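Please find one structure pasted underneath; my questions will follow.
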There are 2 protein chains.
Amino acid sequence: MTGHATTQSQPTTSYEAAAAQREARFLEALQAAGLRLTAQRRAICHYLARTDAHPTAQQIYEALKPQFPSLSLTTVYNTLDVLVRLGLVYALGGAGDRAVHYETNTEPHINLACLVCHRVIDLPMPEVGAWRSRVAEASGFKILGARLVYYGVCPECQRQNPADDNPPSE
Amino acid sequence: MTGHATTQSQPTTSYEAAAAQREARFLEALQAAGLRLTAQRRAICHYLARTDAHPTAQQIYEALKPQFPSLSLTTVYNTLDVLVRLGLVYALGGAGDRAVHYETNTEPHINLACLVCHRVIDLPMPEVGAWRSRVAEASGFKILGARLVYYGVCPECQRQNPADDNPPSE
DNA sequence: CTCCAAACTTGGAATGATTCTAAAGTATTT
DNA sequence: AAATACTTTAGAATCATTCCAAGTTTGGAG
């Protein structure tokens with residue numbers, strides 16, 4: 001069950017192929033942890049595997065609600081919590097709003113948060129992987145995760161508001 | 001006014017000397033920005049210049065309240081906001097509690113947050129400075145700050161709780 | 001020195017993300 | 001089918017942070 005997801009329905013694009021694979025990894029990990037694969041958990045994993053935005057719990061809830069009217073926000077929080085503890089999803093704050101954003105990109109990278117539009121994007125950065133062990137050694141911490149966020153103003157928002165030198169902070 | 005703070009009252013320790021210098025820098029920056037040096041702002045700058053903890057607004061408020069009974073929490077937030085906008089203080093979240101922690105260490109470094117005791121410590125890391133411009137170039141962002149946080153369990157908490165493999169997350 | 005307008009501070013109310021709780025629902029085992 | 005262990009759910013409770021309206025202080029003009 002660790003191979004490629006090639007026996008499923010033929011994926012239309014390589015993006016969808018990767019997404020399906022990621023989703024499968026989530027579900028397997030949940031099972032391996034002895035947790036049940038409920039419809040709610042499946043839906044949330046399905047959603048997370050297919051976004052490269054960095055949604056908040058609210059956003060996930062609102063996206064899923066139409067097809068899943070009984071879903072409760074608490075369940076979204078609970079499920080995200082489980083996924084974070086399993087290390088499948090990272091939680092990051094500080095995009096200028098007050099909410100926690102979740103991401104599934106576990107490749108070494110940093111986040112760029114726009115303080116104006118509150119979007120977060122990823123920037124691949126392979127060296128990040130090497131830092132982790134250096135930090136652990138130097139500090140004695142048991143490292144469970146990292147949150148490497150640069151914040152500022154994204155190119156689009158710079159264009160729309162060239163003069164503004166004082167964007168809101170945190 | 002840019003030289004050493006040697007003409008002030010003779011500092012007892014080099015730590016106090018550095019703190020006084022940092023405090024002076026804060027006050028000058030506030031003035032330079034056309035803001036008033038009120039007693040409240042002075043008190044908050046004084047406090048911030050002398051801590052290497054990463055206090056929350058609440059903690060600053062409680063520390064200052066005894067000597068300053070009229071101080072309000074709102075003022076603490078307002079002042080911190082000003083200092084953050086001026087780039088003198090950084091705001092960082094995600095120490096496992098729900099609060100924003102403030103720090104004055106503007107040297108290139110990363111933060112280590114303990115998810116168990118919610119303390120944050122600094123780890124100097126000179127390379128961090130070089131990353132900033134690389135990130136700006138690669139992304140087109142106007143970079144206003146960074147928040148490089150590794151989170152995990154600090155040595156002390158590991159000792160007290162060796163078996164716990166599931167510390168609270170975010 | 002006095003008065004004004006702008007800049008600040010204050011307490012309390014409002015917001016809003018997250019967490020807690022108790023009750024009801026579902027799967028799994030016996 | 002009954003019992004047990006997980007899960008989900010709605011709504012209440014928390015709590016950091018923000019908002020607001022009113023009172024204070026400050027620096028400068030007269």
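Because the structure is a prediction, the values reported are computed rather than measured. Chain letters run A, B, ... following the sequence lines, proteins first and then strands; every chain starts at 1.
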- Message: So if I take residues 66-74 of chain A and measure heavy-atom distances to DNA chain D, which residues fall below 4.0 Å?
- Response: S70(A), L71(A), S72(A), T74(A)
- Message: For H54(B) and N105(B): C-alpha separation, side-chain torsions, deciding distance, then whether side chain to side chain donor-acceptor pair (under 3.5 Å) applies.
- Response: CA-CA 10 Å; H54(B) 297 67; N105(B) 182 355; over 6 Å; no
- Task: To the nearest 0.5 angstrom, please state how far the CD atom of E103(B) sits from the CZ atom of R147(B).
- Result: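 Atom-to-atom, E103(B):CD and R147(B):CZ are 9.5 Å apart.
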- Query: W131(B) versus I110(A): any side-chain heavy-atom pair under 4.5 Å?
  - Reply: yes
- Message: From CZ of R98(B) over to C1' of dT14(D), roughly how many Å is that when rounded to an integer?
- Response: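 Atom-to-atom, R98(B) to dT14(D), this comes out as 6 Å.
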- Tell me: OH of Y77(B) to C1' of dT15(C), nearest whole Å? 13 Å
- Counting only heavy atoms not in E137(A), do more than 12 fall under 6.0 Å of its CD? no
- So, the side chain of R41(B) versus the backbone of T79(B): is there a donor-acceptor pair under 3.5 Å, distance only?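 Not a single qualifying donor-acceptor pair exists.
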- Query: Is a side-chain donor or acceptor of Q158(A) paired with a backbone partner of G140(B) at a separation under 3.5 angstrom?
  - Reply: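 Present.
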- So, does S139(A) use its side chain to make a donor-acceptor pair with the main chain of V135(A) at under 3.5 Å?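 Yes; at least one donor-acceptor contact below 3.5 Å.
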- For DNA chain D, determine which residues of residues 34-64 of chain A have any heavy atom closer than 4.0 angstrom to one of its atoms, and list them numerically.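 By residue number: L35(A), R36(A), T38(A), Q40(A), R41(A).
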- Whole Å only: how far is the CG atom of N78(A) from the C1' atom of dT7(D)? 9 Å
- Item | Straight-line distance of L37(A) CG to Q31(A) CD, nearest 0.5 Å | 4.5 Å
